[in-house]
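Take a look at the structure set out below.
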Amino acid sequence: MDNKQEIIERLRKEYADVKSALVYENPYELLVATILAAQCTDVRVNIVTKDLFKRYPSPKELAEADLAELESYIKTCGLYKNKAKNLIACAQRIMSEYGGQVPHTMEELTTLAGVGRKTANVVMAFAFGLPAFAVDTHVKRVSNRIGFANSDNPDKVEEQVTKIFRKEDWAQAHHWLIWHGRRVCKAQKPLCDTCCIADLCPYNNK
DNA sequence: ATCCCGAGGG
DNA sequence: CCCTCTGGAT
C-alpha cells in the first residue's frame with residue numbers, strides 16, 4: 001500500500017463518524033445555506049437559517065422576498081448585500097427555469113446567481129447523492145499539505161484530489177479533509193504533534 | 001491581525 | 001493572475 005492510500009485509510013478511520021455541519025432537509029435549504037456559508041462560519045449559518053427558512057420556506061417565497069428584509073435576516077453572515085441579491089435572483093430563476101426545483105447538474109447549478117463550482121458540488125453530492133467533490137479553503141489547504149494536490153487553484157485541486165480518492169469516497173473524503181483542517185491541520189498553528197498522519201505528511205516532515 | 005465549508009468581475 | 005465584498009470569532 002503506497003503512502004497516499006495509507007493516509008486515506010487513517011483519515012477514514014479518524015473521521016469515520018463525521019458528517020456535514022450544514023445538515024438540511026432538502027436541496028433548496030442546502031443550496032441557500034451553502035451560498036450563505038461563503039466567508040462565514042457554519043455555526044453562524046445554522047443560526048441564521050433557523051429563522052430564515054420559517055420566513056422563506058421554499059424558492060417561491062424567496063423569489064418574492066423584499067431585498068431589505070432579506071438582508072436583515074442574513075446580515076450577520078457577512079457579504080450580505082451580494083448574498084441577498086443573489087439569493088432572490090437564484091430563487092427567481094429556480095421558479096422560472098426549473099419549475100421550483102433545484103437543478104442537479106453543474107451546468108444548470110452554476111447558471112444560478114451566487115452559485116459557483118464549490119456550491120454546485122456541495123449540492124450535487126449532499127442534496128442529490130451524485131459523485132461530486134467540493135473544494136473549500138480547508139480541503140485546499142489540507143490537500144496541499146499532505147501531498148494530494150499542488151495548487152492554489154480550487155479547480156485544479158479538485159482535479160488532482162478526485163484522482164486520488166475512489167469516486168465512492170468523494171462525499172465522505174470532502175468531510176474528512178474539512179474536519180482534519182478544522183481540528184488538526186489548522187491554517188495557523190497546525191497540531192502536528194497529535195496528527196494521525198504526521199509520520200506520513202510532507203508538510204510535517206519538511 | 002487573520003480566518004471563515006466563495007463568487008464574480010477585471 | 002488580481003481585486004472586492006463583510007460581520008463575527010479568536
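Nothing here was measured: the structure is a model prediction, and the numbers come from that model.
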For Leu22(A) and Phe126(A), what are the C-alpha separation, side-chain angles and deciding distance, and is it a side-chain contact (heavy atoms from CB on, under 4.5 Å)? CA-CA 10 Å; Leu22(A) 300 175; Phe126(A) 302 106; over 6 Å; no
Please determine whether side-chain hydrogen bond (donor to acceptor under 3.5 Å, both in side chains) holds for the pair Glu108(A) and Thr111(A), giving the CA-CA distance in whole Å, both sets of side-chain angles, and the decisive distance to 0.1 Å. CA-CA 5 Å; Glu108(A) 293 171 318; Thr111(A) 66; over 6 Å; no
Please determine whether side-chain hydrogen bond (donor to acceptor under 3.5 Å, both in side chains) holds for the pair Ser72(A) and Tyr80(A), giving the CA-CA distance in whole Å, both sets of side-chain angles, and the decisive distance to 0.1 Å. CA-CA 9 Å; Ser72(A) 73; Tyr80(A) 66 93; over 6 Å; no
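Membership of the apolar cluster around Val161(A) extends to Ile7(A), Ile8(A), Leu11(A), Tyr15(A), Val18(A), Phe133(A), Val135(A), Val139(A), Val142(A), Ile146(A), Phe148(A), Val157(A), Ile164(A), Phe165(A), Trp170(A), Trp176(A), Leu177(A), Ile178(A), Trp179(A), Val184(A), Leu191(A), Ile197(A), Leu200(A), as traced through chained side-chain contacts below 4.5 Å between ILVMFWY residues.
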Using a 4.0 Å heavy-atom cut-off, write out nucleotides 2-10 of chain B from 5' to 3' as B (base contacted by protein), S (sugar-phosphate only) or - (no contact). SSBBBSS--
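Distance noted for atom P between dC3(C) and dC3(B): 16 Å (whole Å). Between dT6(C) and dC4(B), the two C1' atoms lie 11 Å apart (nearest whole Å). A distance of about 12 Å separates the P atoms of dT10(C) and dC5(B), rounded to the whole Å.
In this structure, a donor-acceptor pair under 3.5 Å is absent between the side chains of Asp51(A) and Tyr56(A).
A salt bridge does not link Lys118(A) to Asp136(A): none of the charged nitrogens lies less than 4.0 Å from a carboxylate oxygen.
With rounding to whole Å, Leu87(A) atom CG is found 15 Å from dC5(C) atom C1'. One atom, NZ of Lys156(A), and another, C1' of dC1(C), lie 16 Å apart when rounded to the nearest Å.
Among the atoms of the strands shown, none is found under 4.0 Å from any heavy atom of Lys83(A).
For the pair Asn204(A) (side chain) and Ala198(A) (backbone), a donor-acceptor distance under 3.5 Å is present.
The only option from Met95(A), Gln92(A), Glu64(A) that meets the side-chain contact (heavy atoms from CB on, under 4.5 Å) definition with Pro59(A) turns out to be Met95(A).
Contacts between residues 146-154 of chain A and DNA chain B, defined by a heavy-atom separation under 4.0 Å, are absent.
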